[in-house]
Number of protein chains: 2
Amino acid sequence: MTKTTIYDIARLSGASPSTVSAVLNGTWRKRRIRDATVATIQKIAAEHGYTLNRQARGLRQARSGMVGMIIPLHDNRFFSSLSQTFDTFVRARGLCPVIASTLRDPDEERRIVSTLISYAVDSIFIAGATDAGPLSDLCAAAGVPHVFVDLPGRNAPSVVSDNYRGAEMLTGQILAHMPRLSDLRRARPCFIGGSERDYATQRRMEAFRAVCAARGIEISDDDVQPCGYAPAAARAALRDIYQRRGGLPAGLFVNSLTVFEGVLAQFTELKAEEPAAIQIGCYDYDPFAAFLHFPVYMVRQNSDALIARAYDILESGETAPVMIEVEPDLIEPRTVFQNAPMNLG
Amino acid sequence: MTKTTIYDIARLSGASPSTVSAVLNGTWRKRRIRDATVATIQKIAAEHGYTLNRQARGLRQARSGMVGMIIPLHDNRFFSSLSQTFDTFVRARGLCPVIASTLRDPDEERRIVSTLISYAVDSIFIAGATDAGPLSDLCAAAGVPHVFVDLPGRNAPSVVSDNYRGAEMLTGQILAHMPRLSDLRRARPCFIGGSERDYATQRRMEAFRAVCAARGIEISDDDVQPCGYAPAAARAALRDIYQRRGGLPAGLFVNSLTVFEGVLAQFTELKAEEPAAIQIGCYDYDPFAAFLHFPVYMVRQNSDALIARAYDILESGETAPVMIEVEPDLIEPRTVFQNAPMNLG
DNA sequence: TTCCTTTGCGCAATCGATTGTGCAGCTTAT
DNA sequence: ATAAGCTGCACAATCGATTGCGCAAAGGAA
């Protein structure tokens, strides 16, 4: 019942605990253990179902073999995709992933990072923190390597989507395909969703305005509504836009999938032709959104590349606040198969 | 740079390490430590940014304060929803969630469970394992309490969706709303997706057949196609059905969201009226699928209740292979708001 | 004053591994 | 034959906390 330890195996094999340890953790060549001894010990270990106590090893080595990641929430296409990639990468290196969600609460963020540190994680990936500075400080104080993913950190390296480029592509498609409406109130495209305090949203708004300006379309503050990420708020924002303009705008830049949910909810109050008569683009990708009754351009962030680059940075030992940008993909309407990642369902 | 320990604080405060330990872990009342001593030690600890080394504590206590969960993949609405609930539950108890994905690989499953055990997790939630028996054995050998979620375990308690009931409701809606087609080849509803080795799929097929039989509809083996979970396979299966029958069947029971993706992909080859002219039901829920141009009934599994019941069982100390069923919710078409869980996006 | 409690805290063992060092015994070279 | 070197392993300290036990000093009762 009580788990077997190297001491038990030492007793049973007549060897010393240090020899057993070396055999079982693979360092026995360095210690010049005879092959016969190795075999004996491995046999006994197997017979007794020995399993390493990683807390003991970790205590001695001052590292746990775990790698932490914090995300705002699991229940989201983009972040769960990040999780999946992270999980795969970490496990491929023989380490154990620990992913915790913060619900975008700064206190939770600090608490989780502290917890991870107290478990002596080898390093930490921080995705979508609302308050990056203090997290960096916590990690730095503990000497834990860390990297920001999807948002730029001030005092540590970060890997982010090229939000400007993604929004540029998306806005370009919206402008290229939206109808030319004679009603001036509806002729200009709108940007909806996200938070102004959000780095990603800032960059996307910037690109949206720039592309519009380049086509000679003047965007007013009224055309840009960073109303947060909640579907209900997005729905209300769209209702306002609709009422003020007497209809949907010719183009709609939807800043996230949850915002899109709110937009769709509002659409249920309209005639089916109305959404179909404008051009919609959504930043972030969902396969079902690709099958709505009107075409939607979408941007899919490249979570594989984000995690891969982040890992590169950590493994290079870089700790300076460099920033790497990863270009996202523009997804044409109705292309679920050609571009969807493998999903084992 | 080197982290402060209770020994450092003991030296600085003039107290003994055991006193410092008691103060910092909150058990000082039991040890009758003076309030003044407590205050001094806490002050010094705060000044030096002391953080607990949980590996040391864990080694001594033979438990880590972590709770493990394994899931097939993160990148899936149902499992990421389970993850979110699990995360919230575990953290609410002051513990640390560790969620790892197995990609439905039995070897991976065993490896991960072993790893979790070697980290001395307090307990393990097993969601969606392909080979439950060996996992139970591993946990039992290590004396780690565990519970199966979403699939029944043989030697341990489990909490599963009431797949029969869910499929019963869904089939009921499909039959109630599907058109009566004179073409006999197309008159019977079809069941598509999932794996026959899968407990959940078995139960759902059972209910599908039973409800059909109750309405006097005779189902042949040809009407039931458990073609797996991959979108591509589902697409091919639907193409076959379409060709053999000369059109879509009047009713379609889609056994998972990824299968639905494949179905939709195949729909793009049809005229838009065709899917709209039949009745579709999907086991599992996606908000965007609720906004397609034809109404879809969906079943949403109750991940909150699944995790809550699983936790109840673990906390009750139950280790016998009891099985608890949780009823899923039937979601009417276009009701994204009334029923969707809060999603902070 | 003497004895008994209670208060407040220290001592030292312990959890299970890792790792720097030491040292017999056997080889090989000279 | 002696020194030098190599082989194969054991010893013991160490990581940082927790915890059973013990004991001096203070307080109270008789």
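Here is the naming used below: chain letters follow the sequence lines, and residue numbers restart at 1 for every chain.
Under the salt bridge (charged side-chain N to carboxylate O under 4.0 Å, His left out) criterion, E318(A) pairs with no residue, sequence neighbours left out. Applying the side-chain hydrogen bond (donor to acceptor under 3.5 Å, both in side chains) criterion to Q84(A), with sequence neighbours excluded, gives S101(B). Partners of F86(B) according to the ring-ring contact (aromatic ring centres under 6.0 Å, His included) rule, which considers only residues two or more places apart in sequence or in another chain, are F125(B). By the ring-ring contact (aromatic ring centres under 6.0 Å, His included) test, F78(A) is found to be paired with no residue, residues two or more places apart in sequence or in another chain being considered. With sequence neighbours excluded, the residues forming a salt bridge (charged side-chain N to carboxylate O under 4.0 Å, His left out) with D312(A) are R309(A), listed by chain and number.
Interface residues of residues 45-67 of chain A facing DNA chain D, ordered by number: L59(A), R60(A); criterion, heavy-atom separation under 4.0 Å. Proximity of residues 30-38 of chain B to DNA chain D (heavy atom under 4.0 angstrom from any strand atom) is restricted to R31(B). DNA chain D is contacted by S21(B), N25(B) of residues 19-27 of chain B, taking any non-hydrogen atom closer than 4.0 Å.
End-to-end axis angle of the helix from dT1(C)-dA30(D) to dT30(C)-dA1(D), from C1' rotation axes over five pairs per end: 50° (rounded to 10 degrees).
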Would you give me the side-chain donor-acceptor pairs under 3.5 Å for residues 138-156 of chain B, sequence neighbours excluded?
from: H146(B); atom 1: ND1; to: V144(B); atom 2: O; distance (Å): 3.1
from: H146(B); atom 1: NE2; to: S136(B); atom 2: OG; distance (Å): 2.9

Exercise answer: donor-acceptor pairs, residues 33-40 of chain B side-chain atoms, under 3.5 Å, sequence neighbours excluded:
from: T40(B); atom 1: OG1; to: A36(B); atom 2: O; distance (Å): 2.8

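With a heavy-atom cut-off of 4.0 Å to chain B, the contacted part of DNA chain C has its first and last nucleotide at dT7(C) to dG16(C).
Nucleic acid contact class of S18(B) (heavy atoms, under 4.0 Å, all strands): base.
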